[in-house]
Amino acid sequence: MEKKEMLYEGKAKQVFATDDPEVLLVHYKDDATAFNGLKKGTITGKGAINNRVTNFMMQVLEKEGVPTHFVEELNERDTLVKKVSIVPLEVIIRNISAGSFAKHYGVEEGIVFDEPTIEFSYKNDELGDPLINEYHALALKLATKAEIARIKELAFRTNEVMKKFFKERKVDLVDFKLEFGRLSDGTIVLADEISPDTCRFWDSETHDKLDKDRFRRDLGNVEDAYKEMLKRIIGIEA
Ligand code: ADP
Ligand code: UDP
């Protein structure tokens with residue numbers, strides 16, 4: 001597969017065309033941002049870890065009946081994915097209170113929910129990814145009713161698979177963000193990434209944070225946390 005022109009440069013990844021119109025090449029960078037781009041930095045080795053972790057999780061999910069965009073890992077930082085038209089929704093699932101949930105509703109972090117929650121943000125950097133509900137998503141024509149139903153079904157299934165997977169690795173899956181896209185035939189698949197950038201991971205015993213909150217909150221040992229998650233997920237050292 002030949003790498004062609006860069007189509008898009010985001011905060012964490014670059015997206016390239018290939019000679020197959022249905023396939024894109026994603027390149028993972030070490031750049032890190034938080035608070036809608038206000039805080040910027042570098043997490044050395046992050047791109048290579050997020051690439052491998054994402055691809056590993058996508059393959060776990062495929063086996064459990066969640067269709068994904070994953071095609072092939074090319075090297076440390078580059079992966080081929082099916083080209084999708086991204087549904088401009090950030091789909092957030094929570095199992096334990098943290099982050100913006102704790103802040104919005106005035107509760108402490110660490111409350112374990114009886115049932116997972118789901119919420120949607122309109123993926124729009126200029127507007128700061130505002131929180132919306134399903135009716136707003138329909139009004140804005142971001143997705144159809146059937147697509148939203150399918151996205152919810154796949155997001156909750158992803159949560160069940162990931163919760164069990166991480167529990168076996170002594171990690172509590174606190175919350176995470178997913179993105180979905182449409183293949184050319186309209187099929188909804190899981191896209192983008194699943195990594196310590198997009199999930200909150202707490203050590204089950206010590207409750208240590210093993211994710212991007214170490215960067216957001218200047219907790220130190222950021223690189224070590226990413227390496228530790230690589231080890232727990234894939235069993236290899238970075
Ligand atoms: P951001 O756009 O938030 O800065 P990234 O730096 O991660 O994010 O850039 C990757 C971009 O590629 C995102 O906009 C994401 O929605 C998009 N994307 C992810 N997977 C696919 C795919 N399979 N096809 C097309 N676009 C994708
Ligand atoms: N998240 C993300 N990208 C975003 C916003 C959130 O990957 O643009 C993830 C974040 O890492 C966390 C979950 O979604 O795992 C919930 O984030 P929250 O709403 O609590 O926002 P935050 O406190 O991170 O701003």
Side-chain angles (χ1 to χ4, degrees), residues 6-18 20-40 46-47 50-51 54-55 58 67-72 77 79-105 107 109 116-131 142 155 159 162 166 171-184 187-202 209-217 225-226 229:
M6 185 162 76
L7 301 174
Y8 177 80
E9 171 143 29
K11 298 182 287 277
K13 304 191 281 298
Q14 294 170 334
V15 181
F16 296 86
T18 69
D20 182 338
E22 304 278 344
V23 176
L24 299 176
L25 185 153
V26 179
H27 175 82
Y28 285 74
K29 305 187 285 182
D30 285 350
D31 299 352
T33 63
F35 314 119
N36 209 18
L38 244 52
K39 183 179 169 84
K40 289 194 177 69
K46 169 175 90 84
N50 285 1
N51 182 39
T54 295
N55 295 340
M58 294 263 176
T68 79
H69 72 168
F70 177 74
V71 176
E72 186 189 351
R77 287 173 186 268
T79 292
L80 297 178
V81 300
K82 292 176 193 162
K83 180 181 182 170
V84 300
S85 125
I86 289 284
V87 176
L89 290 173
E90 298 202 332
V91 180
I92 293 168
I93 297 267
R94 302 178 190 271
N95 297 304
I96 300 175
S97 66
S100 70
F101 183 97
K103 199 174 157 217
H104 284 150
Y105 305 121
V107 296
E109 296 200 310
T117 67
I118 191 164
E119 70 207 41
F120 302 104
S121 291
Y122 175 23
K123 199 174 144 60
N124 182 318
D125 281 338
E126 273 160 45
L127 299 177
D129 298 340
L131 199 60
L142 306 182
N159 185 44
M162 296 222 308
F166 286 105
V171 171
D172 291 339
L173 177 62
V174 175
D175 57 31
F176 56 96
K177 183 267 298 178
L178 300 175
E179 290 182 28
F180 292 87
R182 307 172 186 95
L183 299 178
S184 52
T187 307
I188 295 284
V189 300
L190 181 61
D192 204 50
E193 74 177 88
I194 299 175
S195 72
D197 270 14
T198 63
C199 305
R200 283 196 170 92
F201 296 127
W202 293 353
K209 297 187 197 307
L210 297 171
D211 56 60
K212 196 170 151 186
D213 271 347
R214 301 205 74 85
F215 169 78
R216 292 191 191 97
R217 304 178 188 188
Y226 280 72
M229 284 311 302

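FYI, side chains are in, hydrogens and waters are out, and symmetry mates aren't considered; it's all heavy atoms of this structure. Just so you know, ligand 1 is whichever comes first in the structure, and atom 1 is the first atom listed for that ligand. This chain uses plain numbering: 1 for the first residue, then up along the sequence.
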Among all residues two or more places apart in sequence or in another chain, which pass the side-chain hydrogen bond (donor to acceptor under 3.5 Å, both in side chains) test with D129?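 With neighbours one apart ignored, the set is empty.
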Specify the protein heavy atom at minimum distance from [atom]: its residue, its atom name, and the distance to 0.1 Å.
| atom | value |
| --- | --- |
| atom 13 (C) of ligand 2 | D175 OD1, 3.4 Å |
| atom 6 (C) of ligand 2 | I92 CD1, 4.3 Å |
| atom 4 (C) of ligand 2 | E90 OE1, 3.4 Å |

Report, in ascending order of atom number, the atoms of ligand 2 lying under 4.0 Å from any heavy atom of F176.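 Numbered from 1, ligand 2 contributes 14 (O), 15 (O).
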Numbered atoms and elements of ligand 2 in range of G99, under 4.0 angstrom, heavy atoms: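 With G99 as reference, the close atoms of ligand 2 come out as 20 (O), 23 (O).
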Please answer whether the main-chain N or O of R216 pairs with a side-chain N or O of D213 as donor and acceptor at a distance below 3.5 Å.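 Side chain of D213 to backbone of R216: no pair is present.
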Is the backbone of G47 close enough, under 3.5 Å, to the side chain of N51 for a donor and an acceptor to pair up by distance?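 Checked: no pair found.
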So [Y] and [X], do their side chains get closer than 4.5 Å, heavy atoms only?
| X | Y | answer |
| --- | --- | --- |
| L24 | L7 | yes |
| N50 | Y226 | yes |
| V81 | V23 | no |

Polar atom proximity, S100 to ligand 2 (N or O, under 3.5 Å):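 Yes; the residue has a nitrogen or oxygen that sits under 3.5 Å from a nitrogen or oxygen of the ligand.
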Could you tell me whether K11 and D197 have a side-chain N and a carboxylate O separated by less than 4.0 Å?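 No, K11 and D197 are not salt-bridged.
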Less than 4.0 angstrom from a charged side-chain N to a carboxylate O is my criterion; do R200 and D211 meet it?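 Salt bridge between R200 and D211, a charged N being under 4.0 Å from a carboxylate O: no.
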For D197 and ligand 2, answer yes if some heavy atom of the residue is under 4.0 Å from a ligand atom, otherwise no.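 Flag set, D197 near ligand 2.
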Heavy-atom distances under 4.0 Å are what count here, so tell me which part of A34 touches ligand 2: side chain, backbone, both or neither.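 Within the 4.0 Å criterion, A34 makes no contact with ligand 2.
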Side chain or backbone of R216 under 4.0 Å from ligand 2, or both, or neither, by non-hydrogen atoms?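 Side chain only.
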Write none if no such pair exists; otherwise list each N/O atom of ligand 1 with its protein N/O partner under 3.5 Å and the distance.
{"residue": "ligand 1", "atom": "2 (O)", "partner": "Y8", "partner atom": "OH", "Å": "2.5"}
{"residue": "ligand 1", "atom": "3 (O)", "partner": "K11", "partner atom": "NZ", "Å": "3.4"}
{"residue": "ligand 1", "atom": "4 (O)", "partner": "K11", "partner atom": "N", "Å": "2.7"}
{"residue": "ligand 1", "atom": "4 (O)", "partner": "K11", "partner atom": "NZ", "Å": "3.4"}
{"residue": "ligand 1", "atom": "6 (O)", "partner": "K11", "partner atom": "N", "Å": "2.8"}
{"residue": "ligand 1", "atom": "6 (O)", "partner": "A12", "partner atom": "N", "Å": "2.7"}
{"residue": "ligand 1", "atom": "6 (O)", "partner": "K13", "partner atom": "N", "Å": "2.8"}
{"residue": "ligand 1", "atom": "7 (O)", "partner": "K13", "partner atom": "NZ", "Å": "2.5"}
{"residue": "ligand 1", "atom": "16 (O)", "partner": "E179", "partner atom": "OE1", "Å": "2.6"}
{"residue": "ligand 1", "atom": "20 (N)", "partner": "D192", "partner atom": "N", "Å": "3.2"}
{"residue": "ligand 1", "atom": "23 (N)", "partner": "H69", "partner atom": "ND1", "Å": "2.8"}
{"residue": "ligand 1", "atom": "23 (N)", "partner": "K82", "partner atom": "O", "Å": "2.8"}
{"residue": "ligand 1", "atom": "24 (N)", "partner": "V84", "partner atom": "N", "Å": "3.1"}

Any residue meeting ring pair (Phe, Tyr, Trp, His ring centres under 6.0 Å) with F166, in chain and number order, not counting sequence neighbours: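 Partners of F166 under the ring pair (Phe, Tyr, Trp, His ring centres under 6.0 Å) test: F201.
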Applying ring pair (Phe, Tyr, Trp, His ring centres under 6.0 Å), can you list everything that pairs with F35, at least two apart in sequence or on another chain?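 Ring pair (Phe, Tyr, Trp, His ring centres under 6.0 Å) list for F35, sorted by chain: empty.
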Can you tell me if K83 has over 12 outside heavy atoms packed within less than 6.0 Å of its NZ?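 Counting neighbours around NZ of K83, 12 or fewer heavy atoms of other residues, nucleotides or ligands fall under 6.0 Å, so no.
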Is atom 11 (O) of ligand 2 in close reach of the protein, with a heavy atom under 4.0 Å away?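 Within 4.0 Å of atom 11 (O) of ligand 2, protein heavy atoms are found.
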Any idea which of K177, R200, R217, K103 brings a heavy atom closest to atom 16 (C) of ligand 2?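 Comparing heavy atoms across K177, R200, R217, K103, the nearest one to atom 16 (C) of ligand 2 lies in R200.
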